[in-house]
Amino acid sequence: MHRTQLYIDGAFTAPEAGGTFPAIDPATEQPFAEVAAGQGADIDRAVRAARRAFDSGVWSGLSGTVRAGHLRRIAQGLRDRLAEIAALEVRDNGKPLPEAEWDVGDAAFTFDYYADLAEAEDSRAEEEVDVGDARFRATIRREPLGVVGAITPWNYPLLMAVWKVAPALAAGCTLVLKPSEICSMSCEVLAQIIHAAGLPPGVFNLVTGTGPEAGQPLADHPLCDKLAFTGSVATGRKVMNAAASGIRTVALELGGKSPFLVFADCDIEKAVEWILFGIFWNKGEVCSATSRVLVERSLYPRLLERLRQAAEAITIGAGNEPGVKLGPIVSRGQYEKILAAIASGTASGARLVSGGERPAGLPTGYFLKPTIFADVPVEASIWREEIFGPVVCVNPFDTEEEALRLANDSAFGLAGAVMSDDLERCERVACRLRAGIVWINCSQPTFVQLPWGGFKTSGIGRELGRAGFEAYFETKQITRFDPAESWGWYLAGGQ
Ligand code: NDP
């Protein structure tokens, strides 16, 4: 059985304490690899290596164009090993193979995109600022932020890591990556590809391990300049507390309970297609999943019925089987959490329209039917809390104003979607949704060029796009006084 390694200071290595934990295939419930269980001592070695690499200038001192060359080699490495990584991601996470292939392609493109921005950085002149006093010349300069501690989740194991690794490297930062213990495998391949691309030792480091034993020491490490986190609100709070005690920069990409507003004038088939994509793509293990659907009352019964038929026609099975559109839930823990949420939904008085149970014929593996609740009390936890699984709640509304009120009545504000043939209405609703991402007449398409992140408890900061690059810089002002002048405050001389 394959045993993974840590990657610290340019070398693949075992954890100091030597421990491992199993990687479990959620379709079979069987272990298929042993993952290196890094701990505080390994995190410390990795952070110190990243610190040395950063402070020496071996990476931050290179031109953006040279760094871009490395990034493009990493992108090519991902493309060269796409089939292998996608198959590994299916085994580790359970997602259908075409979705995993999509993720790896996106990861490669993310490196190419940030390579372009790194190159452009070379021709970006220092900004000169007129401070209203001719004796001073003031400039604003951007410098890489330093050592980044990146902590990532299991829903897009490779892609969520790359959303941090690519812009941080492009900007000249160095990193320690701690992926989720539930899905760590593809990050080891990423480390191999980065190693083969010839980055100097210490620039990128990988420490797999559990949240408490590896994640928390990384969050607490005093030599990190920034913490970049994606995951749950509860863990995000711990990471933010750690950042607060060390006064470190922190970026949080947390959960959501995103609304999808469907108006009666839209095409019902298109609405159903995007509702399905918005909640069953990647098994609903998506922070931006549109898990609360609000439907204009005149369309509500017809849409619910069509949605039920379409959901029941989805092929469920292991992610590597052809035609499967819904794989197993990622882990036993997450499976049980979703089943508990479904039970609480039924107990709340919501109407279970479809699913809610294991499909017949799949006795092993964390399989669950696509699940639809309707007429959900808005105080119920299934309406308010993130489930992170293939469970959608559908409720009716009467007016645009009511739809917006229900949509915005959430602690989260990551994403939202609106569907209507009236594009003016769509634009109006889009502007009034309190969310960082709004889709019109679709749900979920994500572009590397656009900023990603949420309002309210959905997080702090933005990834992707130019904003995701700027997030890895410090701003410095350099103010120069003309040596021919004298200040003349304490000393009269000079003239
Ligand atoms: P977590 O937030 O616990 O995990 C995210 C990352 O944080 C993982 O790498 C995890 O490691 C790590 N971590 C855990 N504890 C600590 C700690 N004390 N200090 C530093 N890092 C830590 O999410 P879960 O995997 O437990 O999922 C729980 C719920 O979170 C889901 O049901 C879903 O609602 C939400 N979630 C949201 C995501 C998003 O994209 N917004 C992604 C994943 C989950 P490890 O996995 O090894 O414990």
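Counting starts at 1 for both ligands and their atoms, following the listed order.
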Parallel, tilted or perpendicular, as decided by the 30° and 60° cut-offs, for the rings of W59 and H70: perpendicular
Side-chain (D92) to main-chain (S184) donor-acceptor, under 3.5 angstrom: yes
Residues in contact with ligand 1, criterion: heavy atom under 4.0 Å: I151, T152, P153, W154, N155, K178, P179, S180, E181, G209, T210, G211, G215, Q216, F229, T230, G231, S232, T235, K238, E253, L254, G255, C287, Q334, K337, E386, F388
Verdict with reasoning, S186 to E89, per side-chain hydrogen bond (donor to acceptor under 3.5 Å, both in side chains): CA-CA 6 Å; S186 54; E89 207 79 314; 2.7 Å; yes
Stepwise side-chain hydrogen bond (donor to acceptor under 3.5 Å, both in side chains) test for E253 and W452: CA-CA 9 Å; E253 207 273 83; W452 181 272; 3.3 Å; yes
salt_bridge(D220, K238) N-O dist < 4.0 Å: no
Ring geometry between W154 and F388 (parallel below 30°, tilted from 30 to 60°, perpendicular above 60°): perpendicular
